[in-house]
2 protein chains.
Amino acid sequence: MPSESELSDEFGVSRATLRTVLAKLAVNGLILRKQGDGTYINARVRDINAHLGNLWEFARIIETNGYKPTIRTLAIERKPASDMEAVSLGIEAGDELLSLTRLFYADEQPVILAKNVIPIPFFREPIEQIDGQLHIREILGRYCSQKIAFAITDIRSALISEDVSTIFEKEMNQTILELQVAFYSNQNIPLALGSNYFDDKTLRLSLVQAWS
Amino acid sequence: MPSESELSDEFGVSRATLRTVLAKLAVNGLILRKQGDGTYINARVRDINAHLGNLWEFARIIETNGYKPTIRTLAIERKPASDMEAVSLGIEAGDELLSLTRLFYADEQPVILAKNVIPIPFFREPIEQIDGQLHIREILGRYCSQKIAFAITDIRSALISEDVSTIFEKEMNQTILELQVAFYSNQNIPLALGSNYFDDKTLRLSLVQAWS
DNA sequence: AAGTGGTCTAGACCACGAC
DNA sequence: TCGTGGTCTAGACCACTTA
């Protein structure tokens, strides 16, 4: 790649500004930087699916695995919060939640079952109009005026449960990945929870870490 | 937290320098920054185990799960590269590898079985002297003069295999996490591979992602 | 020796939130 | 309105690689 000076000239910005951009590419390992040498594009990382800034963009993960992603909304409904959900969300058990169940397909094969819950009080608009194709980040933004600042994910292995095995058309005794996510605002308020069942026999879940 | 100006005064550095430090804390979600308001410490994230810059510091993960970590070296030996290893490492099948098998304990309970392989030609020192307590990064640094620039990890679920179930003292039919890692230099040269079997019933594997 | 990225400075203005 | 973080500039020097 061209040097920092050349690039900053080309784009008409200062070198400091350009460096902040390059730094963001570097933490994802998309470019490799060598002092005294130059900057190189990392082809190996370019084709990896989850860069852990977009771990929850399932459609993108499916796509980079080489499949055509489609999303089917299985259910949008109200339901009371369970004890565990209430604790995680900092609300009372029994408080109303919006529950959103969606199924992601890789080509025609169902591969990710995604269940999300959002406390009803966050909604500023009637929940009947929700577009099931949207990412949680967009749903929280559009309908709740909330912005996700960070997310904490627990990754577990599990035996496929009966309902999931039916949906995925897999035999029991198969294992899957369970991704339990909690999304928070920059006020540190829990905004939403996600329970995701990931068919890791069909899709690769790859993460990239880079060090400076 | 004090404002950027106060902190830069206190430490006697420019505000730009201070901001690069704060930015690193922010990508791990350790601090939350609000324009027009201030910077806040994120207590929720502080106690999480894997910040994905240190996903492979297993001892640290065990520690933040509330256990005392200990490492036992099961084997340090030479062995020929399998076909798959050869492809991943960009060498010929049959080329010699150093194979390092280690077992991580949480208190007295074995929880992570870590197998690593490094091509023998990388070593600049006799391999008999390797300290089994070291992190791969340190082993590659000290004995091979190689620095890890980035790593790609595949996360999978699996049924516990017979040997692992014996080591972990678990019943068969249990599931575990399989973490397949490849480490690369900033020349994009594969340096080492890791196959890690992670008892996710005992340890929580948590990841944090933060957005600006 | 020349060119690269890494670090740092001392300013400036803007967007935003709280008061 | 004031103070915050977000963005940006135009320079400087250093550490390092390559030739």
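What you see is a predicted model, and the numbers here were worked out from it, not measured in a lab. Note on naming: letters A, B, ... go to the chains in the order of the sequence lines (proteins, then strands), and numbering restarts at 1 for each one.
- Residues satisfying the side-chain contact (heavy atoms from CB on, under 4.5 Å) criterion with Ser14(B), sequence neighbours excluded, are Ala16(B), Thr17(B).
- Taking every heavy atom of residues 140-151 of chain A and every atom of DNA chain D, no pair lies under 4.0 Å.
- Side chains of Leu203(A) and Tyr67(A) form a contact here, defined as non-hydrogen atoms less than 4.5 Å apart.
- Nucleotides of DNA chain C lying under 4.0 Å from heavy atoms of chain A occupy a range whose first and last members, 5' to 3', are dG3(C) to dT7(C).
- Between Thr39(B) and Ile31(B), the closest side-chain pair of non-hydrogen atoms falls below 4.5 Å.
- Of all the residues in residues 8-24 of chain A, Gly12(A), Val13(A), Ser14(A), Arg15(A), Ala16(A), Thr17(A) reach under 4.0 Å from DNA chain D with at least one non-hydrogen atom.
- Take Arg78(B) and apply the side-chain contact (heavy atoms from CB on, under 4.5 Å) test, not counting sequence neighbours, and it matches Glu96(B), Ile120(B), Ile127(B).
- Residues Leu98(A) and Phe122(A) fail the side-chain proximity criterion, which asks for heavy atoms closer than 4.5 Å.
- Contact of the Arg102(B) side chain with the Phe58(B) side chain is not registered, since no non-hydrogen atoms from C-beta on lie closer than 4.5 Å.
- Side-chain contact between Ile139(A) and Ile130(A): present, with at least one pair of heavy atoms (C-beta onward) separated by less than 4.5 Å.
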Using the 3.5 Å cut-off, write out each protein N or O paired with an N or O of nucleotides 15-19 of chain D and the distance between them.
unit_1, atom_1, unit_2, atom_2, d
dC16(D), O4', Gln35(A), OE1, 3.4
dT17(D), O4', Gly36(A), O, 3.3
dT17(D), O2, Gly36(A), O, 3.3

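- Look at Ser3(B) and you won't find any side-chain N or O under 4.0 angstrom from OP1 or OP2 of dG3(D).
- Residues Ile189(B) and Gln146(B) are not in side-chain contact: their nearest non-hydrogen atoms beyond the backbone lie 4.5 Å or more apart.
- Ile118(A) is not listed as a side-chain neighbour of Leu100(A), based on a closest heavy-atom distance of 4.5 Å or more.
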*asked:* Test salt bridge (Lys or Arg N to Asp or Glu O under 4.0 Å) on Glu125(B) and Arg142(B); report intermediate values, then the result.
replied: CA-CA 9 Å; Glu125(B) 302 187 23; Arg142(B) 286 200 200 175; over 6 Å; no
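- Proximity of Ser157(B) to Thr175(B): side-chain heavy atoms (C-beta onward) are nowhere separated by under 4.5 Å.
- Residue Asn42(B) is tested with Leu25(B), Leu32(B), Val208(B) for a side chain to side chain contact (heavy atoms under 4.5 Å, CB included); the sole match is Leu32(B).
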